[in-house]
Amino acid sequence: MYFKQFYLGCLAHASYLLGSEGEGVVVDPQRDVDEYLAEADARGLKIKYVIETHLHADFVSGHQEIAARTGAQIIFGEKAGVEFEHRAVKDGEVLSMGSVTLRFLETPGHTPEGICVLITAPSEPQKLLTGDTLFIGDVGRPDLAGGKGYTPQMMAEMMYDSLHGKLLELPDQVEVYPAHGAGSMCGRNMSKETSSTIGEQRKFNYALRPMSKEEFVTMMTADLPEAPNYFPKDAEINRSGARGLSELQPPQPLTPQQVMELRDNVLLDVRSAADFGAGHVPGSMNIGLSGQFAMWAGSLIPLNASIVIIADTGAQVDESVVRLARVGIENVKGYLEGGVTSWRDAGLPINTLPQISVAELNERLANDDMQIVDVRRPTEYVSGHVPRAQNAPLASLDKSLGPLKLEKDKVTAVICAGGYRSSAAASLLQQQGFSNLLNVTGGTGAWINAGYLVE
């Protein structure tokens with residue numbers, strides 16, 4: 001059997017290609033599908049099936065495009081209710097592919113229609129593709145099926161039954177391959193590891209330790225972070241089927257004067273925090289391509305927004321378009337031709353965002369009555385933060401700022417874990433009129449590593 005995991009860092013997303021005797025199957029594909037087709041071709045595999053373990057909420061899937069380009073059959077669990085031709089599989093149903101058998105297990109809990117796929121091949125350990133049911137170090141959130149008649153408590157009860165009644169009944173040596181890793185919003189405590197075994201998870205996964213169903217439900221429904229706004233919209237796109245990427249209109253080059261006329265659109269600067277800080281178009285938002293770009297773009301930008309991209313190169317523009325489309329953002333109107341250099345050469349105003357190290361922050365903290373805004377998630381914040389820092393998570397920045405009563409003309413240092421989210425947050429605060437902002441490079445990680453005082 002041929003088996004390969006594809007890992008997409010900007011969405012913390014894992015997908016899979018497996019094959020046997022000239023036949024192949026792709027599981028949980030990302031929207032841009034060329035790498036699966038190229039790999040299958042290189043391995044002499046004809047893609048016969050595309051399996052979705054559930055209706056993904058955090059990205060738009062490429063199942064429709066793979067099916068259109070290869071003739072593959074799309075497979076979902078029978079409760080998915082998708083709106084296109086597909087094969088709906090039931091619990092225990094078996095599919096043969098060459099010398100490999102795939103057995104489908106209904107595992108509701110993260111979503112009502114969730115399935116896992118148990119792969120059996122001669123002379124090889126069994127593999128379990130767990131989708132968003134079982135992660136490495138965690139299990140799927142139970143609160144993302146809202147609006148369908150399910151409460152988080154109901155979903156958590158289903159998750160307990162799926163884990164204890166099915167997955168934990170499997171032998172310890174079964175290998176576990178989930179659809180997400182650390183950084184995904186589909187769980188809370190995922191490991192950076194991208195595979196494990198049932199035995200290892202039985203020992204070390206906090207959600208699998210012995211407990212009653214009532215204890216599990218209480219634990220899984222407490223202190224859940226707010227889900228990004230785009231999640232339910234992406235799930236519905238996947239239910240109806242996304243159009244192919246080739247159908248999207250390519251962005252047009254725009255002069256600085258044309259961008260001036262489009263300033264009511266989202267001006268999305270995809271450069272690094274340092275480059276953005278050195279000079280950027282006033283009113284632009286910074287979400288750097290170097291981090292979890294797609295997830296934060298989906299969280300901070302409405303899916304129907306018109307976008308102008310600001311980048312250094314055409315390659316960055318092209319990459320931005322694909323990565324935006326991965327979360328369902330398709331309306332990129334154009335890009336600033338020549339980047340910020342052309343804007344500056346046109347004599348138009350430039351904003352800056354000073355970057356300071358944790359050493360500078362520590363020095364200023366002793367002498368300055370500055371405001372410090374920590375934009376990490378609440379669980380990160382409570383685990384340790386810079387003294388006097390107030391928490392305003394980036395994903396809900398507007399909502400979080402109200403209770404903090406910050407002064408817009410006061411020196412305000414913005415900090416996260418490493419400097420990526422804080423730059424995005426600072427760009428949004430600039431839009432709201434904060435005039436004396438600092439972005440802390442290295443973030444709380446660098447602060448702790450330097451041995452400074454932590455609250």
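In this chain, numbering begins with 1 at the start of the sequence shown. Hydrogens, waters and symmetry mates are skipped; everything else that's a heavy atom, side chains included, is used.
Partners of T111 under the side-chain contact (heavy atoms from CB on, under 4.5 Å) rule, at least two apart in sequence or in another chain, are H54, E113. With sequence neighbours left out, the side-chain contact (heavy atoms from CB on, under 4.5 Å) criterion links A359 to S357, Y452. Under the rule for a side-chain contact (heavy atoms from CB on, under 4.5 Å), the partners of A12 that lie at least two apart in sequence or sit in another chain are Y7, S184, Q292. For A395, the side-chain contact (heavy atoms from CB on, under 4.5 Å) partners are W296, not counting sequence neighbours. Applying the salt bridge (Lys or Arg N to Asp or Glu O under 4.0 Å) rule to D234 yields no partners; only residues at least two apart in sequence or on another chain are considered.
In this structure, the side chain of D28 does not engage the main chain of A179 through any donor-acceptor pair within 3.5 Å. The backbone N or O of H56 sits less than 3.5 Å from a side-chain atom of N238, completing a donor-acceptor pair. Looking at Q430, its side chain never comes within 3.5 Å of a backbone N or O of L437 through a donor-acceptor pair.
Taking the six-membered ring for Trp and the full ring otherwise, the centers of H63 and F76 sit less than 6.0 Å from each other. In this structure, F3 has its ring center under 6.0 Å from that of Y16.
By the 6.0 Å contact criterion, CD on E455 is enclosed, its count of non-hydrogen atoms from other residues, nucleotides or ligands being greater than 12. More than 12 heavy atoms of other shown residues, nucleotides or ligands fall within 6.0 angstrom of atom NZ in K410. Enclosure of atom CG in D223 is not indicated, since only 12 or fewer non-hydrogen atoms of other residues, nucleotides or ligands lie within 6.0 angstrom.
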I would like to know whether E360 and R364 meet salt bridge (charged side-chain N to carboxylate O under 4.0 Å, His left out); could you show each step before the answer? CA-CA 6 Å; E360 293 174 273; R364 295 185 67 159; over 6 Å; no

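The two residues F231 and A227 make their nearest non-hydrogen contact at CD2-CB, 4.5 Å.
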Using atom types as modelled, flag every donor-acceptor pair under 3.5 Å from a side chain in residues 304-314 to any protein atom, sequence neighbours excluded.
from	atom 1	to	atom 2	distance (Å)
S306	OG	N331	ND2	2.9
T313	OG1	Q316	N	3.1

